[in-house]
There are 2 protein chains.
Amino acid sequence: MTDLLDRARARVRAAGGRMTGQRRLILETLTALPAHPTAEEVHARAARRDSALNLSTVYRTLHWLEAEGLVEPRRFRGHGRHDHFDLAGAHGQHHFLCTKCQRVLEFDEPQVEAVARGYARRHAVKVHEASLVLYGLCAECAARRAPVRGGSA
Amino acid sequence: MTDLLDRARARVRAAGGRMTGQRRLILETLTALPAHPTAEEVHARAARRDSALNLSTVYRTLHWLEAEGLVEPRRFRGHGRHDHFDLAGAHGQHHFLCTKCQRVLEFDEPQVEAVARGYARRHAVKVHEASLVLYGLCAECAARRAPVRGGSA
DNA sequence: AACATTATTGCAAGTAATTTGCAAATAGGG
DNA sequence: CCCTATTTGCAAATTACTTGCAATAATGTT
């Protein structure tokens, strides 16, 4: 966790950027928050430590971190139209989205990387990232929607 | 292609919706346009046939078609923050995005569905849709960025 | 074929998320 | 400690999409 933070700080330096208090705070906030927060959520949480922190600074910092490859932006269907941000490598690469309760579950699955490599080879492209998103009903919602056979009769 | 249109029309009927001129036009426009157009693009093209067609009608129709399962919405990183729409089943389920030239290539890959089924079984969830997105450099951009070894010396 | 009913449309105004211009602040090198 | 370019806060702007409402038109009924 903090190891990620250190890597991030080193990279920020290497990129020739200035390590301002705001950037440090935003980076730390990203490690403290649960997965895929929105810019508003990062701002709300970081503002607990620096109430002067501006939302546009959060947006600018997140985009800068993204350009440096330190943050991965994501968008989820059914979650309005805002962006979500994760420290690169801090969470599972793939996601399951419940279309009923909007729950988002992360997972990793090496087979996906194998598919990506196969595609890259066959089409002569370079693949830097693979993101699988599954849409469906989570265990709870599925159970509620399709009760056990003969259950309620 | 027109087979898709017919299925769509039947479904619209079955859903109890009225088959208005605008809906027919939007549906036909979706089959005529290249993959994943934005609402603006659908509107622009459809307006060539009915200049009175309003953009909000396009949005409402696309969302309604989505609710009926006839249209699949997508969002691509690096393509601004608008939604893209495709007639369900009209295009490949998965995508490759070139992070340099923004090109989007579609593909199908049965192995992905296998991964989805495996995940569904292990986690007791129901998966209705799986969407894999690969980010990287297309063949052209990869060739331009990393010339053949010893090429320019 | 005219009519009633109610879904759908066009228009204009509204909203949410994000972006930008600019003057003031400040990190980091000399 | 000072200089300069980078970064910040603030407010206004922009983008992509949504909504309220009166007018219009699709479909069942006669």
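Every chain is numbered from 1 and lettered A, B, ... according to where its sequence line falls, protein lines coming before strand lines.
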**Message:** In this structure, how many angstroms lie between the C1' atom of D:dA25 and the CZ atom of B:Arg24, rounded?
**Reply:** 13 Å
**Asked** Taking for each residue the nucleotide of DNA chain D with the nearest heavy atom, is it B:Asp83 or A:Arg23 whose nucleotide lies nearer the 5' end?
**Response** A:Arg23
**Message:** Do the side chains of B:Glu72 and A:Arg77 get close enough for a salt bridge, i.e. N-O under 4.0 angstrom?
**Reply:** no
**Asked** Within the distance-only criterion (no hydrogens, no angle test), does the side chain of B:Thr99 pair as donor or acceptor with the backbone N or O of B:Gly136 below 3.5 angstrom?
**Response** yes
**Request:** Look at all strands and tell whether A:Glu40 reaches a base, only sugar-phosphate, or nothing, counting heavy atoms closer than 4.0 Å.
**Result:** nothing
**Request:** Give one of base, sugar-phosphate or nothing for B:Gly17, where a contact means two heavy atoms less than 4.0 Å apart.
**Result:** sugar-phosphate
**Asked** What is the distance, rounded to the nearest whole Å, between atom OH of B:Tyr59 and atom P of C:dG14?
**Response** 19 Å
**Message:** For a 4.5 angstrom cut-off between non-hydrogen side-chain atoms, does A:Val127 reach B:Tyr135?
**Reply:** no
**Request:** To the nearest Å, give me how far apart NE2 (A:His82) and P (C:dT15) are.
**Result:** 18 Å
**Prompt:** Would you say C:dT9 has OP1 or OP2 under 4.0 Å from some side-chain N or O of B:Thr20?
**Reply:** yes
**Asked** Heavy atoms under 4.0 Å, any strand shown: does A:Ala52 hit a base, just sugar-phosphate, or nothing?
**Response** sugar-phosphate
**Message:** Reading DNA chain C from 5' onward, which residue's closest nucleotide shows up sooner: B:Thr57 or A:Arg75?
**Reply:** B:Thr57
**Request:** Identify which nucleotide among C:dT18, D:dA25, D:dT6 has an atom closest to any side-chain atom of B:Arg18, counting heavy atoms from C-beta outward.
**Result:** D:dA25
**Request:** Inspect the contact between A:Arg122 and B:Glu109 and indicate whether a charged nitrogen and a carboxylate oxygen are less than 4.0 angstrom apart.
**Result:** yes
**Message:** For a quick check of understanding: with a heavy-atom distance under 4.0 Å over all strands, which category does B:Leu53 fall into, base, sugar-phosphate or nothing?
**Reply:** sugar-phosphate
**Message:** Taking A:Ala47's backbone N and O only, do any of them form a donor-acceptor pair with A:Ser51's side chain (distance below 3.5 Å, no angle check)?
**Reply:** no
**Rounded distance in Å - CG (B:Leu25) to P (C:dT8)** = 16 Å
**Nearest-Å distance for atom pair CG/P, residues A:Asn54 and D:dT8** = 10 Å
**Asked** Can you tell me how far C1' of D:dC17 sits from NE2 of B:His84, to the nearest Å?
**Response** 14 Å
**Item:** Gap between atoms CZ and P, on A:Phe85 and C:dA17 respectively (whole Å)
**Value:** 12 Å
**Message:** Counting the atoms with a prime plus P, OP1 and OP2 as sugar-phosphate, which does A:Arg60 contact under 4.0 Å by heavy atoms, base, sugar-phosphate, or nothing?
**Reply:** base
**Request:** Using atom CG of B:Leu62 as one end and atom P of C:dT8 as the other, report the distance to the nearest whole Å.
**Result:** 15 Å
**Request:** Could you please name the option among C:dT9, C:dA7, C:dA17 that lies closest to any side-chain atom of B:Thr61?
**Result:** C:dT9
**Asked** Is B:His63 touching bases, backbone alone, or none of the nucleic acid, heavy atoms closer than 4.0 Å?
**Response** sugar-phosphate
**Message:** For A:Glu68, is there any backbone N or O sitting under 3.5 Å from a side-chain donor or acceptor partner on A:Arg11?
**Reply:** yes
**Asked** Hey, does B:Thr38 reach any base, or is it just sugar-phosphate, or nothing, if we go heavy atoms under 4.0 Å?
**Response** nothing
**Message:** Of the listed nucleotides (C:dT18, D:dG9, C:dG10), which one gets closest to any side-chain atom of B:Gln22?
**Reply:** C:dG10
**Asked** Among D:dC10, D:dT18, D:dA26, which is the nearest nucleotide to the side chain of A:Arg81?
**Response** D:dT18
